[in-house]
Amino acid sequence: MGALGFSAGGHLMGTCAIRPEWQTYRPMDLYDSVPTTLAFSLLAYPVVTLEPPYQQTNTRRMLIGDHPTEQESIDWSMQTYVRPGDPPFFLVQAADDRIANAENTAILEKACQDNNVDVVRYLFRHGGHGFGMGRPGTDTTVWPELAHEWMRQRGFLS
């Protein structure tokens, strides 16, 4: 199973990928209690860090409030928990993203590299935040194809 997350959902899915014990969803039926292991994470313009100077996001305010301690900011930042053996990451973001600073994917990429976790990061020049499957007129339109090829090369697709 793979995880796909966008923006604040990227924070949630990425955190679940590397720390599945942090599941925040309350099981509703038998299927919700079946153990899962993520094989990979595809994150588009994710909020990765809640630490300064990138803390000015609604994600941070919703998760830890307006005035968290330094330790709370660290504890809720995804890069803090990357460890060897974590599933691979596919990251995509636009350099002109005004909601989730493009440093978010750079921070996660570095954490993965430092821990020998397979990671690929695509940083598009234009596309802003929320480009979904790609914003016409920008180079973001190719990211679904890049993701497909990345999954195929790693054996996640036949």
Side-chain angles (χ1 to χ4, degrees), residues 1-25 31-55 57 59-60 63-64 71 73-135 138-158:
M1 173 191 295
L4 174 64
F6 296 79
S7 194
H11 182 86
L12 175 64
M13 294 313 304
T15 302
C16 289
I18 53 182
R19 294 285 86 55
E21 66 274 14
W22 285 14
Q23 179 181 358
T24 57
Y25 173 76
Y31 295 106
D32 292 334
S33 60
V34 174
T36 59
T37 302
L38 289 178
F40 63 89
S41 291
L42 280 141
L43 305 180
Y45 38 88
V47 174
V48 170
T49 188
L50 305 184
E51 296 180 69
Y54 309 108
Q55 79 276 19
T57 64
T59 301
R60 188 207 48 125
L63 290 174
I64 56 177
Q71 191 59 51
S73 294
I74 292 167
D75 289 347
W76 283 87
S77 292
M78 192 185 320
Q79 77 276 8
T80 305
Y81 297 96
V82 176
R83 300 287 184 270
D86 284 345
F89 282 87
F90 177 97
L91 307 173
V92 60
Q93 192 161 23
D96 63 350
D97 188 331
R98 295 184 323 193
I99 304 296
N101 188 296
E103 282 301 306
N104 277 277
T105 51
I107 289 167
L108 184 53
E109 178 185 39
K110 182 177 183 332
C112 288
Q113 291 168 342
D114 289 349
N115 286 281
N116 297 312
V117 173
D118 182 21
V119 61
V120 63
R121 176 182 181 237
Y122 291 96
L123 183 64
F124 298 106
R125 196 167 179 193
H126 300 290
H129 189 78
F131 54 76
M133 295 305 285
R135 183 163 286 141
T138 71
D139 48 358
T140 60
T141 58
V142 302
W143 90 260
E145 294 167 30
L146 295 170
H148 182 269
E149 182 59 19
W150 179 83
M151 288 186 290
R152 191 194 62 72
Q153 288 176 354
R154 283 156 182 78
F156 299 126
L157 298 175
S158 53

Which pair of non-hydrogen atoms, one from [X] and one from [Y], has the smallest distance, and what is that distance?
| X | Y | value |
| --- | --- | --- |
| Asp139 | Arg125 | OD2-N, 3.7 Å |
| Ala95 | Ala102 | CA-CB, 4.1 Å |
| Tyr54 | Glu103 | OH-CG, 3.3 Å |
| Ala100 | Val47 | CB-CG2, 4.2 Å |
| Ala94 | His126 | CB-C, 4.0 Å |
| Leu123 | Arg121 | CD2-NH2, 3.6 Å |

Value rounded to 0.5 Å, distance of [atom1] in [X] from [atom2] in [Y]:
| X | Y | atom1 | atom2 | answer |
| --- | --- | --- | --- | --- |
| Phe131 | Thr141 | CZ | OG1 | 10.5 Å |
| Glu149 | Arg152 | CD | CZ | 4.0 Å |
| Leu50 | Ser73 | CG | OG | 6.5 Å |
| Asp97 | Thr140 | CG | OG1 | 11.0 Å |
| Gln79 | Asn115 | CD | CG | 11.5 Å |

Q. Between Phe90 and Phe40, is the gap from one ring center to the other below 6.0 Å?
A. no
Is it true that a side-chain atom of [X] and a backbone atom of [Y] form a donor plus acceptor pair closer than 3.5 Å?
| X | Y | answer |
| --- | --- | --- |
| Asn104 | Val48 | yes |
| Asp118 | Pro87 | no |
| Tyr81 | Asp75 | yes |
| Glu109 | Leu91 | no |
| Arg154 | Trp150 | yes |

Are the side chains of [Y] and [X] in contact, using a 4.5 Å heavy-atom criterion?
| X | Y | result |
| --- | --- | --- |
| Ile107 | Glu51 | no |
| Phe124 | Val142 | yes |
| Asn116 | Pro84 | no |
| Phe89 | Pro46 | no |

**Q.** side chain to side chain contact (heavy atoms under 4.5 Å, CB included), paired with Leu108, selected from Val119, Thr49, Leu43, Val117
**A.**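 Per the side chain to side chain contact (heavy atoms under 4.5 Å, CB included) rule, the option paired with Leu108 is Leu43, out of Val119, Thr49, Leu43, Val117.
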